[in-house]
Amino acid sequence: MQIQRRVGVTADGIIGPVTVEAICSALKLPAAPPVWPAQSRVRTGKSCFGQPGNEAALVSVIPPYPLYYEGVQVRSIRVHELIAPHVKAALSEVLEHYGPEAIHRLGLDIYGGSYAYRATSSGKSLSMHAWGIALDFAPESNAYSTRAPQASLSREECRRWWEIWESHGATSLGRSCNYDWMHLQFAGLS
C-alpha cells in the first residue's frame, strides 16, 4: 500500500493495472500492455475486479462500429469499468485496421455477449463473464469445441484482431488453448 500511496493511486492493497501504469510513469518507463490478474485470483473475489455480479462496477461502452447480437444492432455493451477503456480502444483499432467491409466479411461485428452472471461451460466455476471481463464474438462459427482451422477467428486474416486485443492485456482461449475461439477475457488463464 505504501507503493500505491507513493505513486499517487488509491491505496487498496491490490496491485492492478492502474498501479502498474502509475509505477511505469513514475519511473519514466514505456507503457506496457496491462497485466490483468489470473482467473484463479479473479474467482477469489479479491482481485481488482472485486466480487462477481457487481453490476455497480459495470459501465456501457458504445462500440465505434456496428455490432450485432442475434441480428439486432446493439447500442452499447456492458463491461467492468476497469476494462472499458481497453475495450473501446481495441474496437477502435480494429475499425482502423480492418475497415467496415472486412469487419463484416470476417464476422468481427457479430457480438456474442459480455456481462452475464453464469457458470463456465463445465459448470465447475463462475465464468469471467460474471465479472464483466469477458466478451464473445462470432459465436456461431467459433463454438466452444470448434478448433483451428475450422474456427473462423483462427484464420490468418484474424491474426491482427487477436494482436490488438492482446495489446490491451486480453487473453484468447482460442490462441491459448485452441478451443472457444469466440471468447476473450481480461484475465490470465492460470
Side-chain angles (χ1 to χ4, degrees), residues 12 14-18 33-63 67-72 74-91 94 107-148 150-154 158 161-190:
D12 61 4
I14 300 170
I15 301 296
V18 174
V35 177
W36 301 101
Q39 62 188 8
S40 58
R41 176 82 174 150
V42 172
R43 287 188 175 113
T44 68
K46 296 178 182 174
S47 78
C48 58
F49 298 121
Q51 295 294 316
N54 179 6
E55 294 197 29
L58 301 176
V59 296
S60 293
V61 171
I62 298 170
L67 294 177
Y68 299 91
Y69 181 83
E70 296 181 349
V72 177
V74 297
R75 301 286 175 224
S76 64
I77 53 179
R78 287 192 334 152
V79 296
H80 194 283
E81 61 191 347
L82 291 178
I83 71 162
H86 298 281
V87 170
K88 178 89 175 189
L91 290 172
V94 166
L108 306 179
D109 58 352
I110 303 171
Y111 174 64
S114 52
Y115 172 73
Y117 190 88
R118 65 173 179 81
T120 61
S121 298
S122 69
K124 294 180 181 175
S125 56
L126 283 175
S127 168
M128 293 296 102
H129 289 281
W131 281 265
I133 61 170
L135 298 97
D136 291 337
F137 289 92
E140 290 182 14
S141 58
N142 296 281
Y144 183 82
S145 61
T146 305
R147 298 187 183 278
Q150 289 76 27
S152 68
L153 292 177
S154 71
C158 296
W161 159 266
W162 292 117
E163 290 171 350
I164 289 169
W165 286 105
E166 290 164 355
S167 75
H168 291 277
T171 300
S172 159
L173 290 186
R175 282 171 54 108
S176 298
C177 307
N178 196 21
Y179 67 84
D180 205 3
W181 279 88
M182 74 177 92
H183 182 89
L184 62 93
Q185 64 185 40
F186 288 83
L189 293 178
S190 56

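Here the structure is a predicted model, which means the values were calculated and not measured.
The CZ atom of Arg175 lies 12.5 Å from the CH2 atom of Trp161; values are rounded to the nearest 0.5 Å. Annotation: the span from Ser172 atom OG to Phe137 atom CZ amounts to 12.0 Å, rounded to 0.5 Å. Taking CZ from Arg43 and OG1 from Thr120, the interatomic distance works out to 6.5 Å, rounded to the nearest 0.5 Å.
The two residues Ala90 and Ile164 come nearest to each other via the heavy atoms O-CG2, 3.5 Å. Closest non-hydrogen pair, Trp162 versus Trp181, comes out as CZ2-O, 3.3 Å. Pairing each heavy atom of Ala187 with each of Val42, the nearest pair is CB-CG2, 4.1 Å. Residues His129 and Ala134 approach most closely at ND1-O, 3.3 Å, considering heavy atoms. Taking each heavy atom of Pro34 and Ser167 in turn, the nearest pair found is CD-O, 3.9 Å. Nearest heavy atom pair, residue Met182 against residue Pro139, reads SD-CB, 3.6 Å.
Not one N or O on the side chain of Thr146 forms a donor-acceptor pair closer than 3.5 Å with the backbone of Ala151. Using a distance-only test at 3.5 Å, with no hydrogens or angles considered, a donor-acceptor pair links the side chain of Asn142 to the main chain of Leu153. Within the 3.5 Å criterion, the main-chain N or O of Asp136 finds no donor-acceptor partner in the side chain of His183.
Ring-centre distance between Phe49 and Trp36: below the 6.0 Å cut-off.
Ring planes of Tyr144 and Tyr179: tilted class, angle from 30 to 60°.
The environment of Glu140 atom CD is sparse: at most 12 non-hydrogen atoms of other residues, nucleotides or ligands sit within 6.0 angstrom. For Ile62, the CD1 atom sits in a loose shell: 12 or fewer heavy atoms of surrounding residues, nucleotides or ligands are nearer than 6.0 Å.
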Assess the residue pair Val79 and Trp131 against the criterion (side chain to side chain contact (heavy atoms under 4.5 Å, CB included)); give the C-alpha distance rounded to whole Å, side-chain angles, the decisive distance to 0.1 Å, and a yes or no.
CA-CA 8 Å; Val79 296; Trp131 281 265; over 6 Å; no
